[in-house]
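In what follows, every heavy atom counts, from backbone to side chain, and hydrogens, waters and symmetry copies are set aside. Order of appearance sets the numbers: ligands from 1, and atoms from 1 within every ligand. Owing to the predicted nature of the structure, the values given are computational and were not obtained by experimental measurement.
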Amino acid sequence: MENLQVTKLNGSEASLEGAAVEAFRDGLRGSSLLADDAEYNEVRIIWNGSTDKRPAIIVQCSGVADVIDAVNFAREHDLLVAVRGGGHNVAGNAMCDGGLVIDLSSMNSVRVNPDTKRAYVGGGALLGDMDRETQVFGLAAPLGIVSLTGVAGLTLCGGLGWLRRKHGMACDALVSVDIVTADGNFMTASETENSDLFWGIRGGGGNFGVVTSFEFELYPIGPMATLCAPFYPLNESAGDIIRSWRDYMNEASEDISSNCLLWSIPAHPNFPEELQGTPVVITAAVHTGAPEEGERLLQPLRELGEPVLDLSGPIPYCGVQAAFDPLFVKGERQNYWKSLYLDTLDDDTIRYVVSRALDRPDPWSLIAIWHLGGAMNRVDPAETALGERRANYLYSLDTSWTDPAHNESAIAWTRDAWAEMKPFSRGGVYLNFPGQGEEGEELLRASYGSDNYDRLVKLKIKYDPSNLFRLNQNIFPRK
Ligand SMILES: Cc1cc2nc3c(=O)[nH]c(=O)nc-3n(C[C@H](O)[C@H](O)[C@H](O)COP(=O)(O)OP(=O)(O)OC[C@H]3O[C@@H](n4cnc5c(N)ncnc54)[C@H](O)[C@@H]3O)c2cc1C
C-alpha cells in the first residue's frame, strides 16, 4: 500500500511507510479503517455535531491484544492518539485529525456475578449495555442519565447520575480496572494492586492508559423507580421555584437525586405540539426506593406552582436511565458544555441562573443545576483523584444549538455566563463538562485541588512520561 499521511504526537505532519501500516493492520483480530474505507465516515462521527475530525487510521479493537498492538504501534511511530469509548465526550476528544484512534466500541461485553454483586464491563460499553445486564439481577451501579453515554469516559472523570446521593459516583463503585499503559503493558489496578494507578484513574480521565475492562460493585436497585418531572413556566419568578426546590432537596431522602433544569420543551414528537418551545423549569428527580414511598416523597416537588406539563410517575429503572436519550441524538446539534461547582445557591446565584435561562442562545440550550451531597460527598477528597467532594451543586451550561453559523456567539454566551458565576465558586469544574478545557493547567488544578493535581502529575510522569495519552483533560508530565 501507499505511504500514509499522519499527524505525529507533536502535531507535525509525516509520511508513514505503507508496508508498516499494512503489517500492523494484518496482525489485528479486529478491523481497521482508512479514509477511503466505506465505513470510515460513519465511524468517525461522534456525539457532538461540532466535531468533524479525520483520523489517519481507526483501529476497531476486538480485545486486549489489539489494544496493546495499537498502543505499541502509535508509540513506536510517534503518532497522535485518541481513545474512543462511547464517543460522547462533548469536547470531541475521542477523534483526532491525522492520528490513530483506538476505538473500543466493539469491546462492550458486560458480565454480572449476582452472588458477589460485581459487573465486569468492556472498555467500550455504554451505560445502557450495563443497566440492561445488571437489571436482570435487580442490580445497578451508579452511572449517568443518558444511556448512550460511554461507561469509560464517564467513570474515569467521575460519573454523576440518579444514584449519586444514595451510592456515590460511578468512580466510587469501581473495584478494579484492566488497563494498557503507554509502554504497552497490561496491568490490573485496584486498592491492593497498583493502588497508585487505581487512585489516579478514579477522576484522572484517560491520562494513564486504555482501560480494557472495569469491575464495578453493584447495588440492589429497581426494577421500578419513580420519576418526578413537573414542567413549570420559566419566567421572571422562576427563582421562587428554584428556591423551593433547593429547600426541598436540603431535607430530601438520599433515595432521591435531583436536577433542576431550565430549558424549553423540546421540539420532539414525545411532547405535545402546542407546548413545544415553551420555556420551562423542570424539577427533575428520581427516587429509587419503594415506588409507593417515592410517589409520596416526591409529591411536594410537583406542587411548587402550576405545571404546564407533568410526566411524573413510576417507571422501570432502565426506562428512567434512557428517558433523555431521544433528546440527545448523536451528531444532531452543535454543543459546548461548561460547568462550575457551587457551594450554595443564594439569591444572587439564583438571579444569575434565571436571567441567563431567559436569554439562552437556542431553545435546545439547557441550564442544569445538579444537587449533589449524600454518599458522593462522604468520600474524602484525597481518597480518589477526582478531588471535589464538598460542593452542594453543580451549575452546568449545556449549550446546544442547531445552526453552525451560531458557533461563535453560542460559545461566547456560555463563556460569559460561566465567567459571571465564577466569583461564586472555588473555580473547579466537573471534568466531564469542561468546555474545551481551554484554561489548561489552571482549570485542572482548581478542579482536582492542588494536592491531588500534584499527585496526578507524578503519576503521569510514572505511567505516561511522553504524554502519549494527551487528547483528554491533559495532565502534563512536567517534573
Ligand atoms: C448526551 C450526554 C449526556 C451526558 N450525561 C452525563 C451524565 O449524566 N453524567 C455524567 O457524569 N456525565 C455525562 N455526560 C458527560 C460524559 O460523561 C462525558 O462526555 C464522557 O467523556 C463520555 O464518555 P464516553 O466514553 O462516551 O466518551 P468518549 O468521547 O469515547 O471518551 C472521552 C474520553 O475518555 C477517555 N476514554 C474513553 N474510553 C476510554 C477507555 N476505555 N480507556 C481510557 N480512556 C478512555 C479518552 O480520554 C476520551 O477522550 C454526558 C454527555 C453527553 C454528550
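Using modelled atom types, one side-chain atom of S258 and one backbone atom of A284 make a donor-acceptor pair closer than 3.5 Å. Without hydrogens or angle criteria, D129 side chain to L126 main chain gives a donor-acceptor distance under 3.5 Å.
Below 3.5 Å of separation, one finds an N or O of I145 facing an N or O of ligand 1. Between N89 and ligand 1, at least one pair of N/O atoms sits closer than 3.5 Å. Annotation: H88 places an N or O atom under 3.5 Å from an N or O atom of ligand 1; distance criterion only. An N or O contact shorter than 3.5 Å is missing between F328 and ligand 1 by distance. Inclusion of F433 in the set of residues having an N or O under 3.5 Å from an N or O of ligand 1 is not warranted. In terms of N/O distances under 3.5 Å, ligand 1 is approached by G150. Taking distance alone, with nitrogen or oxygen atoms compared against 3.5 Å, G85 approaches ligand 1 more closely than that limit. In terms of N/O distances under 3.5 Å, ligand 1 is not approached by L156.
Between the side chains of S400 and N335, at least one donor N or O sits under 3.5 Å from an acceptor N or O. Using modelled atom types, one finds no donor on one side chain facing an acceptor on the other under 3.5 Å when comparing S147 with Q321. When only modelled atom types and interatomic distance are considered, R75 and N72 share a side-chain donor-acceptor pair under 3.5 Å. Side-chain contact, N89 with W47: no donor N or O sits under 3.5 Å from an acceptor N or O. Judged purely by distance below 3.5 Å, without hydrogens or angles, the side chains of Y336 and R415 pair a donor atom with an acceptor atom. Side-chain contact, N474 with N467: a donor N or O sits under 3.5 Å from an acceptor N or O. A donor and an acceptor atom, one from each side chain of S62 and D66, are located under 3.5 Å apart.
Interface atoms of ligand 1 facing A94, defined by a heavy-atom separation under 4.0 Å, are 28 (P), 29 (O), 30 (O), 49 (O). Within the listing of ligand 1, atoms 44 (N), 47 (O) sit less than 4.0 angstrom from a heavy atom of G206. The atoms of ligand 1 that sit less than 4.0 Å from any heavy atom of W370 are 7 (C), 8 (O), 9 (N). Of all atoms in ligand 1, listed by their number and element, those nearer than 4.0 Å to a heavy atom of L471 are 47 (O), 49 (O). Numbered from 1 in the order shown, with element, the atoms of ligand 1 that lie under 4.0 Å from a heavy atom of W47 read 1 (C), 53 (C). Those atoms of ligand 1 that come under 4.0 Å of a heavy atom in V146, given as number and element, are 3 (C).
Contact between W162 and ligand 1 is absent, with no heavy atom of the residue lying under 4.0 Å from the ligand. Between G209 and ligand 1 there is a heavy-atom distance shorter than 4.0 Å. By the 4.0 Å heavy-atom criterion, G205 is excluded from the residues contacting ligand 1. Under a 4.0 Å heavy-atom criterion, G87 is in contact with ligand 1.
In this structure, R356 is positioned above the aromatic face of W413, its NZ or CZ under 6.0 Å from the six-membered ring centre and within 45° of the axis. Cation-pi geometry between R202 and F198 is met: under 6.0 angstrom from the ring centre, within 45 degrees of the axis.
When non-hydrogen atoms are compared, ligand 1 lies under 4.0 Å from the side chain of L104 (C-beta onward) but not from its backbone. At a heavy-atom distance under 4.0 Å, no atom of F214 approaches ligand 1. Using a 4.0 Å cut-off between heavy atoms, F469 makes no contact with ligand 1 at all. Contacts with ligand 1 closer than 4.0 Å are made by side-chain heavy atoms of Y430 only, the backbone lying farther away.
Proximity annotation for atom 20 (C) of ligand 1: of I102, N432, V67, N432 comes nearest, heavy atoms only. The heavy atom nearest to atom 23 (O) of ligand 1, considering only P142, A82, G153, is found in G153.
The existence of a salt bridge linking K422 and E439 is excluded, since no basic side-chain nitrogen approaches an acidic carboxylate oxygen closer than 4.0 Å.
Distance CG/D172 to CZ/R164: 13.0 Å, rounded to 0.5 Å.
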